[in-house]
Amino acid sequence: MTVTTCKTAVKGKALATVPSLHARYHELLEGRDTSSAAWLNEQLAHARRLPDDLPADPAQLQAWSAQHAAQVAEAYAAYLQQRRQGAPRRYFANRAQALWFLQQVAPTKAVDGAWLHSTLRHWGDPRFHGLIRTYLEELGSGDPRCNHVLIYQRLMSRIGCPGQAELEDERYLQGAIQLALGQHGDAFLAEMIGYNLGYEQPPLHLLITTYELAELGIDGQYFQLHVTIDNAASGHAHLSTQAVRQLCPAHDQHAFYERVRLGYRLNDLGVDTPSLISRFDLEAELLRALEHKRNFGQFMHSDHCRLQQRTVNQWLAEPGAMPAFLQALQAQGWIRRGEQPAQSRWWALIEGPSAPMYGVFDAYEKQLWHDWIASGWQTRVRRVMPGSWDVPVQPEDAPLGRSQDENIDALIEKMAGNRHAAPEGLIATRAYLRATGLIQEQPC
Ligand SMILES: [Fe+2]
Ligand SMILES: [Fe+2]
């Protein structure tokens with residue numbers, strides 16, 4: 001994965017840490033991080049100050065989870081009712097906002113399930129089997145069609161955002177927590193179980209996101225599959241409450257559960273999903289994209305290209321001139337805001353294979369232009385996204401000789417972070433399933 005620089009946005013105590021979250025995230029991914037245990041303790045200290053909604057008695061967790069699911073279902077039914085009565089989308093005002101959101105959460109989605117990595121070593125202990133099953137399902141049991149990280153990567157490729165966007169440092173917080181828990185899951189067993197408990201309860205925003213992405217013609221397989229696979233009756237949410245019960249030591253129940261609580265609250269560090277989505281500013285995003293592109297385009301235009309008495313090259317040469325450039329495009333009549341984008345001369349310059357500026361703007365940037373130009377103009381035309389890529393199933397791997405522990409340890413190593421999504425990691429996952437005898441039919 002290509003790494004680009006990031007803006008360092010130090011906001012709040014959870015972020016006032018060196019190295020940056022972005023750097024820590026990548027060090028953890030590459031297995032080079034040496035201070036994440038201490039860092040995890042710092043995050044837990046922040047979590048200590050947060051409230052939570054867990055029951056006082058862990059024996060109530062199953063009922064709590066069922067109640068949570070019922071509340072979410074009720075709130076979702078109310079949302080659907082509002083939509084039927086003509087309410088607008090709650091999260092995504094336009095398609096650009098949805099694409100922006102998908103990029104913002106990509107660092108977290110790229111390590112989906114990582115907090116459970118250490119459980120793989122406990123394959124001989126049945127108390128861990130629920131957590132191991134959860135992890136293996138995140139990995140699609142080594143089937144690239146079902147591996148959650150790959151499903152998300154394919155989604156990003158399809159929407160034209162295959163690389164890593166430039167993101168605020170805070171976007172790496174949850175991913176870094178997940179990777180650190182995955183690395184130190186034995187020392188932070190209770191906290192890891194608590195984090196899993198929080199992460200695996202399907203939230204209302206997951207249902208709404210799934211619904212609105214489909215409405216915008218964006219393939220929501222990644223989100224849809226979490227609605228089903230994380231269900232509270234038998235899915236990951238159910239397994240997460242079972243894990244607390246099974247792994248809580250009888251002699252130390254209270255202290256263990258207190259640590260579970262702290263781990264649970266780690267989910268609440270950083271910004272919550274609805275607030276994140278509401279931070280989207282269409283014009284600011286368009287300007288940011290233009291400012292970034294400006295450097296590449298400033299010598300590319302002929303001096304015949306003039307806009308309001310200035311050549312396009314002159315417009316592009318000046319830092320910070322993009323707001324005036326947008327104004328000039330409108331004043332010149334090249335952009336007619338509030339109308340169907342096809343009515344704007346500018347749109348014809350950038351969209352379509354025979355457009356003079358074909359390929360200058362990627363799919364996300366074109367969506368920003370489209371939605372900024374349309375601004376209020378309601379399109380009923382849904383973009384039809386191509387269907388899922390056909391990913392060939394890997395040929396059956398050569399069977400392992402014997403399920404020796406050292407072999408299994410080597411396999412486990414290849415299943416960490418997001419390594420499991422690489423071809424070698426997928427093979428290792430399938431070999432792990434065979435070697436440990438934990439093979440199971442996979443939903444996907
Ligand atoms: Fe997942
Ligand atoms: Fe899950």
Side-chain angles (χ1 to χ4, degrees), residues 29 61-62 65-66 68-69 72 101-102 104-120 128-156 174-179 181-182 185 191-210 213 219-244 246-247 260 263-264 266-267 273 388 391 415-422 425-426 429 433 438 440-444:
L29 266 184
L61 277 174
Q62 202 84 5
S65 177
H68 177 270
V72 167
F101 166 69
L102 294 173
Q104 299 300 308
V105 294
T108 314
K109 307 301 183 193
V111 294
D112 196 15
W115 63 92
L116 290 167
H117 178 250
S118 72
T119 63
L120 292 176
F128 280 89
H129 284 181
L131 295 175
I132 294 175
R133 189 178 125 200
T134 303
Y135 190 62
L136 292 171
E137 286 181 356
E138 302 292 340
L139 274 50
S141 297
D143 182 336
R145 294 169 303 179
C146 304
N147 181 291
H148 294 192
V149 169
L150 285 173
I151 290 171
Y152 204 80
Q153 283 175 358
R154 286 197 292 272
L155 169 62
M156 298 305 281
Q174 283 295 324
I177 288 174
Q178 295 179 5
L179 290 164
L181 284 171
E191 291 83 356
M192 180 266 286
I193 289 171
Y195 186 84
N196 184 62
L197 183 64
Y199 202 91
E200 297 290 0
Q201 309 298 317
L204 176 62
H205 64 72
L206 174 68
L207 296 170
I208 296 178
T209 302
T210 305
L213 288 178
D219 173 21
Q221 184 200 2
Y222 178 88
F223 296 90
Q224 182 61 49
L225 91 89
H226 284 89
V227 173
T228 49
I229 206 169
D230 291 345
N231 79 80
S234 59
H236 295 178
H238 172 70
L239 296 172
S240 73
T241 58
Q242 273 195 334
V244 180
Q246 288 169 328
L247 288 159
V260 167
Y264 176 85
L266 286 177
N267 283 286
T273 297
S388 301
V391 181
M415 294 162 72
N418 62 0
R419 254 168 276 162
H420 58 78
L426 293 164
T429 304
L433 277 161
L438 289 170
Q440 191 172 26
E441 289 297 311
Q442 294 304 314
C444 176

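Since the model is a prediction, treat every value here as computed from it, not as a measurement. We count ligands from 1, going down the list as the structure has it; atoms in each ligand are counted the same way.
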Is a side-chain donor or acceptor of T228 paired with a backbone partner of L225 at a separation under 3.5 angstrom?
yes

Test item: Q174 side-chain N/O and L266 main-chain N/O as donor-acceptor pair under 3.5 Å
yes

CD-CG distance between E200 and L239, expressed to the nearest 0.5 angstrom
8.5 Å

Which atom name does E200 have for its N/O/S atom nearest to the Fe ion (ligand 2)?
OE1

Run through the protein N/O/S atoms less than 2.8 Å from the Fe ion (ligand 1) and write them out by chain and number.
D112 OD2, E138 OE1, H148 ND1, H226 NE2

Ring centres under 6.0 angstrom apart (H226, Y222)
yes

Can any side-chain N or O of N267 pair as donor or acceptor with the backbone N or O of Y195 at less than 3.5 Å?
yes

Any sub-3.5 Å donor-acceptor pair from Y135's side-chain atoms to S118's backbone N or O?
no

